[in-house]
Amino acid sequence: MTAKTAQPMVKAEGVHKSYGAAHILRGIDLEVAPREVFCLVGPSGSGKSTFLRCINHLERINAGRLSVDGQLVGYKQKGDKLYELKDSEVAAQRRDIGMVFQRFNLFPHMTAIENVMEAPVMVKGESKAVARERAVKLLDRVGLGDKGGNYPTQLSGGQQQRVAIARALAMEPKLMLFDEPTSALDPELVGDVLDVMRDLAESGMTMIVVTHEMGFAREVGDNLVFMDGGVVVESGHPRDVLGNPQHDRTKAFLSKVL
């Protein structure tokens, strides 16, 4: 397991999120260490994906504090008060956080290599030559070195998701967020995407993964949190939680998915 001596890469303290009367997150407290693979599991509607989206301020939290690498996400503190950052400041924070969604969200009018190049050129102001060189290496890394000229419609779902991972990596993030990255894929395509994520974990990337792939969580994860009803019900090493759950709600959930 990853040592907890370093400053946490992600720290959530009493995080709440509501949509009107619906209280989605009810006081989430957790820490993710640098280089850790942190898995979030639980039933639909438990708040997993909402929490992930709060980490890069795609969703604003209603109470509590969230920080990435020691910096508050979406806010700055002056005295005892928190002030929301400007959109440009939030965008600057997001550069360091890669996110991979269930649906691949590739630009349909761009080739695979153009999709991977786009953010470094447009957001970081990199030259196209530098961005292209990195894009070639990243596509090669995700096993798609021969698909750079293909458009998304010419790729399978699994290939599109691997392009999406390469695209997130092109910004050289310090943290990667995965929101059920295999749930929209045909079963035979899941393995290729998980292999890429396994390689990323071995390279030391800090990853938070919302997943239903319990085998991946058991094999690759350093920590696993089971969420339900907007709270952390149980947490620990994946093998311990999956092999010997302590809470009745965790047992009931795992009996259906394992």
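In what follows, residues are counted from 1 in the order of the sequence shown. Because the structure is predicted, anything quoted here is derived from the model rather than measured.
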_CD (E89) with more than 12 external heavy atoms under 6.0 Å_ = yes
*Counting distance only, does the side-chain N/O of N150 pair as donor-acceptor with the main-chain N or O of L155 below 3.5 Å?*
no
*With sequence neighbours excluded, tell me which residues meet side-chain contact (heavy atoms from CB on, under 4.5 Å) with A119.*
V123, M171
*Any donor and acceptor pair, going by atom type alone, linking the side chain of Q93 with main-chain N or O of G74 inside 3.5 Å?*
yes
*Polar side-chain atom of N115 near backbone of T111 as donor-acceptor pair, under 3.5 Å*: yes
_Listing request: all salt bridge (Lys or Arg N to Asp or Glu O under 4.0 Å) pairs with a residue in residues 205-214, at least two apart in sequence or in separate chains._
none
_Going by side-chain contact (heavy atoms from CB on, under 4.5 Å), name the residues that satisfy it together with V220, two or more places apart in sequence or in a different chain._
V37, R198, A201, F216
*Where at least one partner belongs to residues 168-178, residue pairs that pass salt bridge (Lys or Arg N to Asp or Glu O under 4.0 Å), sequence neighbours excluded*: D69-K174, D96-K174, K124-E172, R134-E172
_Same apolar cluster (I L V M F W Y, side chains within < 4.5 Å links), L40/V233_ = no
*Without swapping roles, check the side chain of E133 against the backbone of V130 for a donor-acceptor pair under 3.5 Å.*
no
*Do V116 and V196 share a hydrophobic cluster, counting only Ile, Leu, Val, Met, Phe, Trp and Tyr and linking them when any side-chain heavy atoms are less than 4.5 Å apart?*
yes
*Any chain of hydrophobic side-chain contacts (each under 4.5 Å) joining L258 to V225?*
no
*Mind checking what makes side-chain contact (heavy atoms from CB on, under 4.5 Å) contact with T153, not counting sequence neighbours?*
Y151
*Is a donor on one side and an acceptor on the other found under 3.5 Å between the side chain of S156 and the backbone of Q159?*
yes
*Under the side-chain hydrogen bond (donor to acceptor under 3.5 Å, both in side chains) rule, collect the residues that match up with Q77, sequence neighbours excluded.*
R65
*Assess the side chains of S203 and R35: does a donor N or O sit below 3.5 Å from an acceptor N or O?*
no
*Look at the side chain of S67 and the backbone N and O of G70, then say whether any donor-acceptor pair between them is shorter than 3.5 Å.*
no
*Can you list every salt bridge (Lys or Arg N to Asp or Glu O under 4.0 Å) pair that touches residues 231-247, not counting sequence neighbours?*
none
_Whether K17 engages the ring of Y19 as a cation-pi pair (distance to the six-membered ring centre under 6.0 angstrom, angle to the ring normal within 45°) should be assessed._
yes
*Can you tell me which residue pairs pass the salt bridge (Lys or Arg N to Asp or Glu O under 4.0 Å) test with a partner in residues 104-113, sequence neighbours excluded?*
none
*Indicate, with yes or no, if L139 and M205 share a hydrophobic cluster defined by side-chain heavy-atom contacts under 4.5 Å among Ile, Leu, Val, Met, Phe, Trp and Tyr.*
yes
*asked:* If the condition is salt bridge (charged side-chain N to carboxylate O under 4.0 Å, His left out), which residues does R249 pass it with, not counting sequence neighbours?
replied: D228
*With side chains defined as the heavy atoms from C-beta onward, is the minimum distance between L169 and L200 less than 4.5 Å?*
yes
_Within residues 64-99 or reaching into it, pairs that qualify as ring pair (Phe, Tyr, Trp, His ring centres under 6.0 Å) - sequence neighbours excluded_ = H57-Y75
Solution key, residues 99-108 side-chain donor-acceptor pairs under 3.5 Å, sequence neighbours excluded:
{"residue": "Q102", "atom": "OE1", "partner": "S183", "partner atom": "OG", "Å": "3.2"}

*List the steps and the verdict of salt bridge (Lys or Arg N to Asp or Glu O under 4.0 Å) for R167 and E118.*
CA-CA 8 Å; R167 179 179 62 179; E118 178 73 358; over 6 Å; no
_Side-chain (R162) to main-chain (V142) donor-acceptor, under 3.5 angstrom_ = yes
*So if you build clusters from Ile, Leu, Val, Met, Phe, Trp, Tyr with side-chain heavy-atom gaps below 4.5 Å, do V15 and F226 land together?*
no
*asked:* Quick test of your reading: applying ring pair (Phe, Tyr, Trp, His ring centres under 6.0 Å), list the pairs with at least one residue in residues 186-215, sequence neighbours left out, ordered by first then second residue.
replied: none
